[in-house]
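Below: the structure, in structure tokens.
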Amino acid sequence: MSLSAAGPGGHVQAAHRPVLALADDLSGAAETAVALRSPARILLGPVAVPVTSAPGESLVLDLDSRQLPGAEAARAVRDVTHTAPAQTVLFKKVDSLLRGNLAAEAAAYAHGGRGVVIATALPAARRTVRGGVVRLDGVPLHETDAWRAEARPAPPSVAASLGDLPSAPVPLTDVRGAPGALREALRACFAQGRHPVCDAETETDLDAITAAALELGPGIRLLGTGGLAGALGRLLGTPAENALVPGEAVRPLLIVVGTAEPSARGQVAHLLADGAHQVTHSTHELLHSPRRLAPPVTAVTVVRVTGTADPSLARRLVAALADTVADAAHDCDLVLTGGETARRVLDVLRVTDLRPVGQIHHGAVLSRTPDGRSVVTRPGSYGEADSLRRIVRALRPAPVRHVPTDPTGAAP
């Protein structure tokens, strides 16, 4: 299986207006970096400010703020945006399900700018916005179970998720209106002291929103999902050229599935059918009597968490999982599902920056570490049933040798 290549350079317009993107977790940062279609670097914060980039290079910062208290998350955003050069295009990546410290971070992000254009649709994942409401396959977010692992209910609208940030709706009729009409609709919102929340259902809608925002000049900031980052990349970046073919594998492949999404079990089942070795850890074990995973001796090892835990323990649980796999992960290529899982594992490995290479499927981003290892990150809620199989086959085209599954992690 081949990978779609990240663009090798930026459009001349991008060279004059470099992109600085902020994300609240690592999988979102990687998704953004590859969507920008230009040479990019992902920095795992905290980072020294002001942040500077090489000519023609986009910078994407993982602020690791998804689970922080709101005030700390806001401070992390404000520290970076306060020092950004005037001509920089600022982009704030948000979760397409509106999770995290959205209200606190959006308020901090808006501070010091002329205005923020907000578009949270993600058409590639069938997540749209109509009437200011996020819809999953047409069903309003707050009527789904997408927030089942959260400690609070899903917001009924994008505006509600923004807290006290003043906003105004921009309906599809304006987004799809005559040339120049959308730009003037955005300008009118700013004149009223409000930040436009744009409806969108397609990538064409997001392209129109991005173009109109940039036409308004420096000081206008963009806030949205990887879908909006993709629109920014299509406008300022360079289209992908040749497909990338992974090199010959010289390391074991360790897959760490830290997501609580129900789809994870089926995705892992596909790997086991292909001969992968599975190691399971219960939530109770991770929290109370964790055991270290020995370095893998098989071609592909998948580590999965079983059982349930209180959402308030999620950060502690993921940290324990990262510690558990730390010894084994040092000499492996990695597949990490869930932004929090990815960040904690790379933290224990002391990886502080990544170079995005390409995308295996939407949201499954292949990056390289400074020492040349492959790391695939993917949001926990993304991917069809064959997602992990597709990732493994992209990284390891040769068939996996079948080995018995040993839930203790001991060598067979």
Side-chain angles (χ1 to χ4, degrees), residues 2-11 13-15 17-44 53 56-63 88-97 117-129 198 200-211 213-214 221-241 243-244 339 342 353-368 375-379 381-383 387 391 394:
S2 63
L3 313 176
S4 59
H11 185 280
Q13 186 178 3
R17 300 192 66 187
V19 177
L20 174 61
L22 314 180
D24 68 355
D25 75 351
L26 182 52
S27 60
E31 180 187 0
T32 299
V34 78
L36 292 176
R37 296 191 182 189
S38 65
R41 186 180 177 200
I42 303 167
L43 300 181
L44 282 61
S53 61
E57 179 182 68
S58 296
L59 277 183
V60 184
L61 310 185
D62 170 26
L63 300 178
T88 299
V89 176
L90 283 175
F91 175 82
K92 176 70 178 73
K93 164 69 170 63
V94 299
D95 180 62
S96 61
L97 299 177
V117 175
I118 301 160
T120 65
L122 185 59
R126 302 185 300 278
R127 298 171 185 180
T128 60
V129 178
C198 302
E201 295 181 329
T202 67
E203 289 185 347
T204 300
D205 295 335
L206 294 174
D207 290 344
I209 292 165
T210 303
L214 294 185
R221 300 173 178 179
L222 292 163
L223 182 148
T225 65
L228 194 64
L232 191 58
R234 287 188 291 275
L235 187 64
L236 299 182
T238 300
E241 294 182 349
L244 296 176
D353 69 274
L354 296 168
R355 293 281 181 177
V357 175
Q359 190 166 227
I360 297 170
H361 67 67
H362 177 72
V365 177
L366 171 61
S367 300
R368 301 268 191 241
V375 177
V376 176
T377 54
R378 196 210 69 188
S381 62
Y382 281 24
S387 170
I391 293 169

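Along the sequence shown, residues are numbered consecutively beginning with 1.
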| task | Heavy atoms only: give me the nearest Gly56-Pro39 pair and the separation to one decimal. | result | O-CD, 3.8 Å
| field | From CA spacing to verdict: side-chain contact (heavy atoms from CB on, under 4.5 Å), Leu223, Val94 | value | CA-CA 7 Å; Leu223 182 148; Val94 299; 3.6 Å; yes
| message | For a side-chain contact (heavy atoms from CB on, under 4.5 Å) check, start with the C-alpha distance between Val89 and Leu20, then their side-chain angles and the critical distance, and finish with the verdict. | response | CA-CA 6 Å; Val89 176; Leu20 174 61; over 6 Å; no
| field | Student check: side-chain heavy atoms of His361 and Ser387 closer than 4.5 Å | value | yes
| Test applied, side chain to side chain contact (heavy atoms under 4.5 Å, CB included); reference residue, Leu366; option that passes from Leu354, Ile391, Val376 | Val376
| remark: When rounded to the nearest 0.5 Å, the distance separating CG of Asp62 from OG1 of Thr32 is 10.0 Å
| request: Output, in order, the C-alpha distance, side-chain angles, deciding distance and verdict of side-chain contact (heavy atoms from CB on, under 4.5 Å) for Cys198 and Val117. | output: CA-CA 8 Å; Cys198 302; Val117 175; 4.2 Å; yes
| query | Say you draw a straight line from CG of Leu44 to CG of Leu63; how long is it, rounded to the nearest 0.5 Å? | reply | 10.5 Å
| query | Is Ile42 close to Ser367 at the side-chain level, that is, under 4.5 Å between some pair of heavy atoms? | reply | yes
| task | Grab the two heavy atoms, one from Asp25 and one from Gly339, that are nearest each other, plus how far apart they are. | result | OD2-CA, 3.5 Å
| query | Quick one: CG on Leu214 to CG on Leu236, what's the gap to the nearest 0.5 Å? | reply | 6.0 Å
| Any Arg127 side-chain heavy atom under 4.5 Å of Thr225 side chain | no
| request: List the atom of Leu122, the atom of Tyr382, and the distance in Å for their closest heavy-atom pair. | output: CD2-OH, 2.9 Å
| note | Output for pair (Leu61 CG, Asp24 CG), nearest 0.5 Å, gives 12.5 Å
| message | I want to check something: taking the side chain as every heavy atom from C-beta on, are Leu228 and Leu222 in contact at a cut-off of under 4.5 Å? | response | yes
| query | If you measure from OG1 on Thr88 to CZ on Arg221, what distance do you get to the nearest 0.5 Å? | reply | 10.0 Å
| request: State, with a plain yes or no, whether a side-chain heavy atom of Thr128 is found less than 4.5 Å away from one of Pro123. | output: no
| query | Does any non-hydrogen side-chain atom of Arg378 lie less than 4.5 Å from one of Glu31? | reply | no
| field | Partner residues of Arg234 under the side chain to side chain donor-acceptor pair (under 3.5 Å) criterion, sequence neighbours left out | value | Asp207
| Exercise: identify the closest heavy-atom pair between Ala211 and Leu235 | CA-CD2, 4.0 Å
| field | Under 3.5 Å side-chain donor-acceptor pair for Ser27 and Thr377 | value | no
| Heavy-atom pair of closest approach, residues Ala231 and Thr210 | CB-OG1, 3.3 Å
| request: Calculate, to the nearest 0.5 Å, the distance between atoms CZ and CG belonging to Phe91 and Leu22 respectively. | output: 9.5 Å
| message | For Arg355, give me all partners under salt bridge (Lys or Arg N to Asp or Glu O under 4.0 Å), at least two apart in sequence or on another chain. | response | Glu57
| message | On a heavy-atom basis, which atom in Pro356 and which in Ala40 lie closest, and how many Å separate them? | response | CD-O, 3.3 Å
